[in-house]
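Quick notes on the structure that follows.
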Amino acid sequence: MVLVTGGTGFVGQAVIRRLSEAGREIRILLRPSRSSPKIPQGIPVEVAISSLQDKRGVRAALVGVESVVHLASAEAGGREVGLQAVDVEGTSVLAQAARGAKVRRLIFVSHLGAEPASAYPVLRAKALAEQHIQRSTVAYTILRSSLAFGEGDRFTTSMAMLLSISPLFFPLPGNGASTLQPIWVEDLATCILWSLEEPSMVGQTYEIGGPEFLTIAQVADLVKQAAGSRRWVVHASPPFVRAVAWTLQRVLPRPPVTTFSLDYLATSRMASLDALPRIFGLKPAVMEEKLDYLHEHNWGWEFLGRQLGWKR
């Protein structure tokens, strides 16, 4: 039995599909909520209801569990208090409970650039979460991943929505020269599955990313072409873009951009280009070849539907 936290999220959905294809029994940890969770369709899963801060609930969710894939995070909410509660304290509770339940493996997906003294809240929270896992003595593997993309992400689809609703011009923060190494979500899910099965990866931290370095400006051009947008991409001052993001995350129920997402774009974040072939023997997908999900889609309506609750 594999327990997946964050199983209803973007990466979690891909991981659950991979686990199901591999014949694994799956249990999803869901936090209590008034809204209906986005449980994967057509895949048999067990469900455990508990917040990560509930020690008793987490211990109950781990009964009969051999492995844990920890993906849950509050970064989509754009509020630092959520990061402390979920990413830091929640990970501490989960790691200690996993040790007590004698869980054989724990896979944690972190971010490139995670550092305890980072100026960026998400990267600081991820680093503190890593420390809690390392100190717990549970058999872990940490994957510090670059930004994942794919259908339903908060990266390329959010950019497509912003392009669609922008009046003529689409502002990029700064000069657009910060470099990313986008990794296709299915490749990331495969790495997570293989990490569960490889004993030599216990106690290791790996930095992984896609097969190419792309600037933010290049990513914007790829998304623009795939989405069929005719907006002009212009460079805007980072404080202006951050002010827009700050406003959107306070007035919209599902903002397409937050200050946390801008933090990730603020500086270049890269791993070795040969990380996936060298560590996993996997040939990663090139971004331009995996953007079909952006084609022939009305992203303006998609944005409106998400804000009004028609879509998730």
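Worth saying up front: this structure is predicted, and the values here are computed from it rather than measured.
Within a 6.0 Å sphere centred on CZ of Arg104, other residues, nucleotides and ligands contribute 12 heavy atoms or fewer. When the shell of 6.0 Å around CD of Gln218 is examined, it contains more than 12 heavy atoms from other residues, nucleotides or ligands.
Residue Gln53 comes nearest to Val86 through the heavy atom pair NE2-N, 3.5 Å, listed as atom of the first residue, atom of the second, then distance. Across all their heavy atoms, Gly210 and Gln181 have their closest contact at O-NE2, 2.7 Å. Residues Gly90 and Leu52 approach most closely at CA-CB, 3.6 Å, considering heavy atoms. The two residues Val223 and Thr156 have their closest heavy-atom pair at CG1-O, 3.7 Å. Considering all non-hydrogen atoms of both residues, Tyr206 and Ser200 come closest at OH-O, 4.2 Å. When all heavy atoms of Leu106 and Ala98 are compared, the closest pair comes out as CD1-CB, 4.2 Å.
The main-chain N or O of Lys224 is never found under 3.5 Å from a side-chain atom of Ser229 such that the two would form a donor-acceptor pair. No donor-acceptor pair under 3.5 Å is formed between the side chain of Ser158 and the backbone N or O of Val257. With Asp87 contributing its side chain and Ala74 its backbone, the two residues share a donor-acceptor pair below 3.5 Å. Arg231 places a side-chain N or O within 3.5 Å of a backbone atom of Ser164 that can act as its donor or acceptor partner. Within the 3.5 Å criterion, the main-chain N or O of Leu168 finds no donor-acceptor partner in the side chain of Ser166. Formation of a donor-acceptor pair under 3.5 Å by the Thr141 side chain with backbone atoms of Ile107 is not found in this model. For the pair Arg124 (side chain) and Ser118 (backbone), a donor-acceptor distance under 3.5 Å is present. For Asp274 (side chain) and Pro277 (main-chain N/O), no donor-acceptor pair under 3.5 Å exists by modelled atom type.
Counting heavy atoms from C-beta on, the side chains of Leu71 and Val15 come closer than 4.5 Å. For the pair Trp184/Met287, no side-chain contact is recorded, criterion being any heavy-atom separation below 4.5 Å from C-beta on. Pro116 has its side chain within reach of Gln131: a pair of non-hydrogen atoms, C-beta onward, lies under 4.5 Å apart. Side chains of Asp153 and Tyr293 form a contact here, defined as non-hydrogen atoms less than 4.5 Å apart. In this structure, Ile208 and Leu188 have side chains that are in contact, with non-hydrogen atoms separated by less than 4.5 Å. Using a 4.5 Å heavy-atom cutoff, the side chains of Trp299 and Thr157 are in contact. Residues Leu83 and Val122 meet the side-chain proximity criterion, which asks for heavy atoms closer than 4.5 Å. Using a 4.5 Å heavy-atom threshold, the side chains of Val2 and Val65 count as separate.
Checking Arg269 against Thr267 by side-chain atom types alone, a donor-acceptor pair falls below 3.5 Å. Side-chain contact, His111 with Glu75: a donor N or O sits under 3.5 Å from an acceptor N or O. Under 3.5 Å, the side chains of His70 and Thr5 contain a donor-acceptor pair of N or O atoms. Side-chain contact, Glu130 with Ser110: a donor N or O sits under 3.5 Å from an acceptor N or O.
In this structure, the separation between CG on Leu172 and CD1 on Ile216 is 7.0 Å, given to the nearest 0.5 Å. Distance check, rounded to the nearest 0.5 Å: CG of Leu143 to OG1 of Thr205 gives 8.5 Å. Distance check: Leu222 CG to Phe149 CZ gives 9.5 Å after rounding to the nearest 0.5 Å. Interatomic distance, CD of Glu89 versus OG of Ser51, reported as 10.5 Å (0.5 Å rounding). In this structure, CD on Glu46 lies 3.5 Å from CE on Met1, to the nearest 0.5 angstrom. With rounding to the nearest 0.5 angstrom, the CG atom of Leu265 is 11.5 Å from the OG1 atom of Thr215.
With hydrophobic clusters built from ILVMFWY side chains whose heavy atoms lie under 4.5 angstrom apart, Phe240 shares a cluster with Leu262.
Looking at Asp187 and Arg18, no side-chain N of the basic residue comes within less than 4.0 Å of a carboxylate O on the acidic one, giving no salt bridge. Between Glu302 and Arg306, at least one side-chain N (NZ, or NE/NH1/NH2) sits under 4.0 Å from a carboxylate O, which counts as a salt bridge. Salt bridge annotation for Glu197-Arg24: present, with a cationic side-chain nitrogen under 4.0 angstrom from a carboxylate oxygen. Between Lys126 and Glu115 there is no salt bridge, since no side-chain N of the basic residue sits under 4.0 Å from a carboxylate O of the acidic one.
The cationic atom of Arg154 (NZ for Lys, CZ for Arg) does not lie both less than 6.0 Å from the six-membered ring centre of Phe10 and within 45° of the ring axis.
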Test salt bridge (charged side-chain N to carboxylate O under 4.0 Å, His left out) applied to Glu186 and Arg17, step by step: CA-CA 9 Å; Glu186 299 296 337; Arg17 288 194 298 270; 2.6 Å; yes
